[in-house]
Amino acid sequence: MANQKRTKIKNKTDATLKRSPIPYGRQRIGADDIRTVISVLKSDWLTQGPMVKRFEESLARYCGAKFAVAVSSGTAALHLAYLAAGLQPDDEVITTPNTFVATSNMLLAVKARPVFCDIRLDNYNLDETKIESLITSKTKAIVPVHFAGHPCEMDSILSLAKKHNLLVIEDACHALGASYKNTKVGGIGDMTVFSFHPVKSITTGEGGAILTNNKNFYEKLLLLRSHGITKDKNGFNVMAELGHNYRVTDIQAALGLSQLKKLDGFIKKRSELMSGYYRELKDVKNIILPRITENIISAGHIFIIRVKDRAKRLKLMEFLKNNGIGVNFHYPAVYSHPYYRQNGYDGLTLDNEEIYSSSCVTLPLYPNLKLESIEYICDKIKTFFK
Ligand SMILES: *Cc1c(COP(=O)(O)O)cnc(C)c1O
């Protein structure tokens with residue numbers, strides 16, 4: 001049975017791709033990952049054991065940060081970071097509309113007000129030159145998102161933050177393994193948030209983390225992760241803050257630890273595949289490729305093309321889908337979702353964001369993707385525009 005399955009996969013051709021499409025992203029799990037997880041299942045500690053700490057220490061070391069706190073998801077990590085930052089009702093936080101909704105949803109969860117800044121049309125990150133005009137006396141933080149794994153212009157953002165006394169909390173859910181001017185993402189802003197969902201750089205199934213160099217934030221994050229409970233001087237549990245249970249299991253942490261060892265290899269593979277896209281698509285006149293700005297290493301989370309004739313974008317997506325290619329849409333503008341429209345963002349549009357979100361198409365990108373699949377995908381794009 002298993003053998004039969006294996007032969008079938010080997011014999012997969014273009015024709016069968018229709019039945020078994022290429023996803024836009026997926027995890028890469030090896031025998032070593034499986035062994036590590038099994039060893040935890042056989043141990044005494046499924047949660048609150050030694051693996052979480054080991055994972056956190058490795059993660060902090062990898063990113064060049066002092067502290068890491070592993071939690072149950074990237075969304076939980078954002079929530080805890082915003083709580084640890086002390087955001088209060090009506091505080092304003094400047095962020096990008098080109099992100100997964102969790103970035104600003106968790107601001108709403110702490111009753112802060114997301115203020116959406118327009119994006120750049122070369123790498124689709126928030127436009128650092130448009131931030132300052134949005135700063136008011138209520139602004140408390142900037143939340144840049146390193147879209148598609150491409151780091152934002154952190155020097156400009158950090159100097160703005162310094163000038164106006166704001167915190168910088170990076171949503172780096174796309175960007176574990178990326179660097180900005182030779183510094184790994186994770187050791188740059190006041191706090192940096194990662195996700196370990198299966199489509200991200202490494203996976204723990206579900207999971208996330210907050211990295212920081214600030215001991216006060218670190219201690220607050222630890223407290224809030226686990227009910228706000230700490231030990232008093234007699235060793236008894238006391239609840240000091242209103243916390244959550246955002247803990248991650250040792251099973252997940254062990255998977256994360258094992259995956260982390262392979263992260264650089266994953267990033268290298270993603271970068272080679274991206275080069276494949278640039279090579280194959282450079283002469284296609286009907287589309288725009290993302291620009292990789294100087295002094296950065298992208299984590300290569302997703303690969304975006306933009307269709308010049310926006311009227312053709314949905315037709316292209318349908319055509320690629322019909323050819324077994326798992327295209328995706330990253331992202332509709334956060335402010336355009338019905339919930340946002342009904343809760344204070346009615347009528348908001350930002351020029352570049354509107355252009356971007358009506359022309360973007362996400363193509364598959366993940367470490368197990370074959371270069372031949374990239375050639376197949378690019379051939380289909382060329383066929384569509386012929
Ligand atoms: C994935 C993602 C999140 C949420 O992470 P989860 O682990 O899925 O909760 C937040 N922000 C961005 C930009 C993401 O891509």
Side-chain angles (χ1 to χ4, degrees), residues 23-27 55 59 68-83 93-110 112 114 116-117 119 123-126 141-152 168-178 185-186 189 191-211 221 225 244-249 252-253 255-256 259-260 266 270 290 298-304 328-335 337 339-340 353 356-357 360 362 364-366:
Y24 88 87
R26 70 161 290 161
Q27 71 278 13
F55 178 44
L59 202 56
V69 177
V71 295
S72 53
S73 72
T75 306
L78 286 164
H79 193 194
L80 286 192
Y82 297 157
L83 287 170
V93 177
I94 297 170
T95 189
T96 171
N98 184 27
T99 184
F100 183 56
V101 288
T103 314
S104 54
N105 283 356
M106 291 303 104
L107 289 171
L108 298 179
V110 301
F116 294 107
C117 177
I119 62 167
N123 60 24
Y124 319 133
N125 277 328
L126 98 172
I142 305 170
V143 178
V145 176
H146 305 305
F147 180 74
H150 187 302
C152 295
V168 176
I169 302 167
E170 294 160 67
D171 180 339
C173 288
H174 294 183
L176 178 62
V185 168
M191 286 183 264
T192 305
V193 166
F194 293 112
S195 164
F196 311 123
H197 179 278
V199 297
K200 309 293 167 78
S201 300
I202 63 167
T203 189
T204 60
E206 297 279 0
I210 310 102
L211 272 68
L221 291 165
R225 174 175 66 179
H244 298 265
N245 178 356
Y246 281 162
R247 293 186 305 257
V248 67
T249 65
Q252 293 164 296
L255 180 54
Q259 287 259 299
L260 194 56
F266 291 168
R270 284 175 180 274
S298 172
H301 171 56
I302 45 182
F303 192 81
I304 309 278
N328 214 310
F329 179 9
H330 295 97
Y331 294 95
V334 170
Y335 56 70
H337 285 285
Y339 183 87
Y340 281 82
E353 173 61 27
Y356 170 79
S357 59
C360 63
T362 306
L365 185 60
Y366 50 93

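As the structure lists them, so they are numbered: ligands from 1, and atoms in each ligand from 1.
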Check: [X] side chain, [Y] main-chain N or O, donor-acceptor pair, under 3.5 Å:
X      : Y      : result
His197 : Val199 : yes
Ser201 : Gly177 : no
Thr203 : Phe196 : yes

What atoms in ligand 1 come closer than 4.0 Å to a heavy atom of [X]?
X      : value
Thr99  : 13 (C)
Gly74  : 5 (O), 6 (P), 7 (O), 9 (O)
Thr103 : 11 (N)
Gly207 : 7 (O)
Phe100 : 2 (C), 3 (C), 4 (C), 10 (C), 12 (C), 14 (C)

Got an N/O contact under 3.5 Å between [X] and ligand 1?
X      : result
Lys200 : yes
Phe196 : no
His197 : no
Ser195 : yes

Mind checking whether Cys152 and Leu126 have side chains closer than 4.5 Å, heavy atoms only?
yes
Glu170 versus Met191: any side-chain heavy-atom pair under 4.5 Å?
no
Using heavy atoms and a 4.0 Å limit, tell me yes or no: is [X] in contact with ligand 1?
X      : answer
Tyr331 : yes
Ala77  : no
His301 : no

Are Tyr24 and His330 an aromatic pair, judged by ring center distance below 6.0 Å?
yes
Under-4.0 Å heavy-atom contact with ligand 1, by part of Ser73 that carries it:
both
Could you tell me whether Thr75 approaches ligand 1 through its side chain, its backbone, both or neither, with non-hydrogen atoms closer than 4.0 Å?
both
Between Leu176 and Ala299, what is the shortest heavy-atom contact and its length?
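Reported closest heavy-atom pair: O-CB, 3.6 Å.
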CZ/Phe329: more than 12 non-hydrogen atoms of other groups inside 6.0 Å
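It does: Phe329 CZ has more than 12 such atoms within range.
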Nearest neighbour in protein (non-hydrogen) for atom 10 (C) of ligand 1:
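Protein heavy atom at minimum distance: Cys173 SG, 3.5 Å.
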Measure the distance from atom 11 (N) of ligand 1 to every protein heavy atom, then report the residue, atom name and distance (to 0.1 Å) of the closest one.
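Answer, as residue, atom name and distance: Asp171 OD2, 2.8 Å.
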Classify the ring geometry between Tyr356 and Tyr124 as parallel (under 30°), tilted (30 to 60°) or perpendicular (over 60°).
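Tyr356 and Tyr124: tilted rings.
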Euclidean distance, Thr75 OG1 relative to Asp171 CG, rounded to 0.5 Å:
9.0 Å
